[in-house]
A.B. asks: 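Once you've had a glance at the structure underneath, I'll fire off some questions.
Ligands are counted one by one from 1 in listed order, and the atoms in each one are counted from 1 as well. The analysis underlying the following values was restricted to heavy atoms, covering all of them including side chains, and did not include hydrogens, waters or symmetry mates.
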Amino acid sequence: MSDAIKVGFVPLSSAARGILVVFCDDSLKLGPATAKALGSATDLVKRAASAAGFKGKTGAALDILAPEGLKAARLVVIGAGKAANLKANDFLKFGGVAASKLSAGSAAMTIIAELPDGAMASEQAVAIASGLRLRAYKFDRYKTKKKEGDEGAARAEISLAVGDAAAAKKAFVAAGHVVDGVIIARDLVNEPPNVLFPEEFARRAGQLRKLGVKIEVLDVKAMQKLGMGALLGVGQGSVRPSRTVIMRWDGGKKGEAPVAFVGKGVCFDTGGISIKSAGSMEDMKGDMGGAACVVGLMHALAARKAKANVVGAIGLVENMPDGNAQRPGDIVTSMSGQTIEIINTDAEGRLVLADVLWYVAKKTKPKFMVDLATLTGAIMVALGTEHAGMFSNNDELADRLLAAGIESGEKVWRMPLGPEYDKLIDSQFADMKNTGGRHGGSITAAQFLQRFVDGTPWAHLDIAGTAMGAPKTDINQSWGSGYGVRLLDRLVADHYERK
Ligand code: BES
Ligand code: MN
Ligand code: ZN
């Protein structure tokens, strides 16, 4: 894991070490413990704010170097705006903003986790701590030369001074496991495709065994036996054999139906015989962002011992052009028995998911399935990189995902499904074809998936715009974002855990 920063909690009255971070509201008001810690430097904040035009807007930062009257080399004042309006997500951002001030090389930071009205709840301080770690993450394991300043930031020790340090420390255990899950997902997305191919991905998913997750790996022979012709067709042009991994976390009532998460794990997508153009093809190492999210989520749930029965399933393939690759025109038979005419070998993610969704629906009879997939370029045309596209046959599940998206800041936007779209993938030679023409490309892809859920309540998240290459944010500077781990952890925590 590439975030070596240490985050701890200390009582509000503790002496500050290193960079000092405090909060103010939009009238530049400071909390009582903050004012006490700043002493005569309180006036300095007013003067610096006016010089910099700093108004205490939510998430804005006033950076004062060598503040007179303080031991700290740097004083950072973060705006909390109208403190009464703050949402959980804002506290994550505060942590991100604070972590961004570490790069100067100083190895210590103290954050006075106090709002201007004096109160900050433990879970708000914990969100700051999570934001710190999410922002500090860096994928640099292939850099043999580190930049100056990186070292200090990487080894930083950050203390959050809070009202109830013991309560915050306790609450950060679970939240820290969720951050670990995000980092695992980011690492997987960032890894190069010569390192992370299906077997290696399966091996890494197998590390969840240490947390008590049951792991089953289906190799090519096992998948042939099950009749997974759609998934296997995609992988047949690669020298790297395909795998499906099924993970189970049984933290709920014995015998209760699980909730299920399914991920697209195309470790590299060249397009196959319908080969992609060279521009940015390297990005297709991230075409396993759905699978990465499922592994990160299973880590988070198992590590924090979520009281729920959860299945995670990922279809792992490499889509390559080769003498043995599948052709446009081929007809494959899926595990469901339905036949598929291949029109474009680059529409491979839906073929992988078809068999894994069917397998999960039939073998685990879940309450619902949510799949995540970097499925279509078209979803970026529709929604950009701010929202994942959500398609669902179930309004309750869709509404819950929408709400979890707003809470976590990992937003989804619902897109339509319907019979008019569905008929666009009927084929003249087989039960269906794997593309639906130029229009509504994300929708016809979702219609294709729906033919393999067998009536199970289901939602599909098209994360092509959010899982990788999205603009950097306060809490993510990494190409692979780990999108979906916090969203789905929230969904499970809010609705599917035994109290
Ligand atoms: N993995 C791609 C989708 C993608 C594109 C994800 C860019 C992230 C960034 C997917 O397998 C694909 O190639 N989809 C095609 C479908 C088309 C052939 C119907 C697409 O979107 O062009
Ligand atoms: Mn493709
Ligand atoms: Zn793909």
A.B. asks: Is the shortest side-chain heavy-atom distance between Ser130 and Phe172 below 4.5 Å?
C.D. replies: yes
A.B. asks: What I'd like to find out is whether the side chain of Arg350 reaches to under 4.5 Å of the side chain of Ile425, using heavy atoms alone.
C.D. replies: no
A.B. asks: Tell me the protein N, O or S atoms under 2.8 Å from the Mn ion (ligand 2), in chain and number order.
C.D. replies: Asp269 OD2, Asp346 O, Asp346 OD1, Glu348 OE1
A.B. asks: Of Ser280, Ala464, Gly377, Gly465, which has the heavy atom at the shortest distance from atom 6 (C) of ligand 1?
C.D. replies: Ala464
A.B. asks: Of all the non-hydrogen atoms in the protein, which one sits nearest to atom 2 (C) of ligand 1, and at what distance?
C.D. replies: Asp269 OD2, 3.6 Å
A.B. asks: For ligand 1, which atoms, with element, lie under 4.0 Å from some heavy atom of Met380?
C.D. replies: 7 (C), 8 (C), 9 (C)
A.B. asks: May I ask you to test the Leu232-Gln236 pair for a side-chain heavy-atom distance under 4.5 Å?
C.D. replies: no
A.B. asks: Taking the non-hydrogen atoms of Leu375, is any one of them nearer than 4.0 angstrom to ligand 1?
C.D. replies: yes
A.B. asks: State, with a plain yes or no, whether a side-chain heavy atom of Gln477 is found less than 4.5 Å away from one of Lys138.
C.D. replies: no
A.B. asks: For atom 8 (C) of ligand 1, find the nearest protein heavy atom and state the residue, atom name and distance (0.1 Å precision).
C.D. replies: Met468 CE, 3.3 Å
A.B. asks: Are Tyr496 and Phe368 close enough that their ring centers fall under 6.0 Å?
C.D. replies: yes
A.B. asks: Among protein heavy atoms, which sits nearest to atom 19 (C) of ligand 1, and what does the distance come to when rounded to 0.1 Å?
C.D. replies: Thr435 CG2, 3.6 Å
A.B. asks: Is the shortest distance from a Lys or Arg side-chain nitrogen in Glu200 or Arg240 to a carboxylate oxygen in the other one below 4.0 Å?
C.D. replies: no
A.B. asks: Keeping to distances under 2.8 Å, can you name the protein N/O/S atoms close to the Zn ion (ligand 3)?
C.D. replies: Lys264 NZ, Asp269 OD2, Asp287 OD2, Glu348 OE2
A.B. asks: What protein heavy atom sits nearest atom 16 (C) of ligand 1, and how far away is it?
C.D. replies: Arg350 NH2, 3.9 Å
A.B. asks: Given side chains that start at C-beta, do those of Pro321 and Ile273 come closer than 4.5 Å, heavy atoms only?
C.D. replies: yes
A.B. asks: Give the ring-plane orientation class for Phe91 versus Phe94, where under 30° counts as parallel, over 60° as perpendicular and anything between as tilted.
C.D. replies: perpendicular
A.B. asks: Counting heavy atoms only, name the option from Ala347, Gly441, Gly349, Ala445 that's nearest to atom 17 (C) of ligand 1.
C.D. replies: Ala347
A.B. asks: Salt-bridge test for Arg327 and Asp330: reply yes if a basic N is under 4.0 Å from a carboxylate O, no otherwise.
C.D. replies: yes
A.B. asks: Counting only heavy atoms not in Trp479, do more than 12 fall under 6.0 Å of its CH2?
C.D. replies: yes
A.B. asks: Check the pair Asp454, Trp358 against side chain to side chain donor-acceptor pair (under 3.5 Å), reporting the backbone distance first and the verdict last.
C.D. replies: CA-CA 7 Å; Asp454 199 31; Trp358 186 265; over 6 Å; no
A.B. asks: Just to be sure I'm reading this right: ignoring hydrogens, which of Asp346, Asp287, Val352 gets closest to atom 15 (C) of ligand 1? Compare them by their nearest heavy atoms.
C.D. replies: Asp346
A.B. asks: Check contact between Met281 and ligand 1, using heavy atoms of the residue and a distance below 4.0 angstrom.
C.D. replies: no
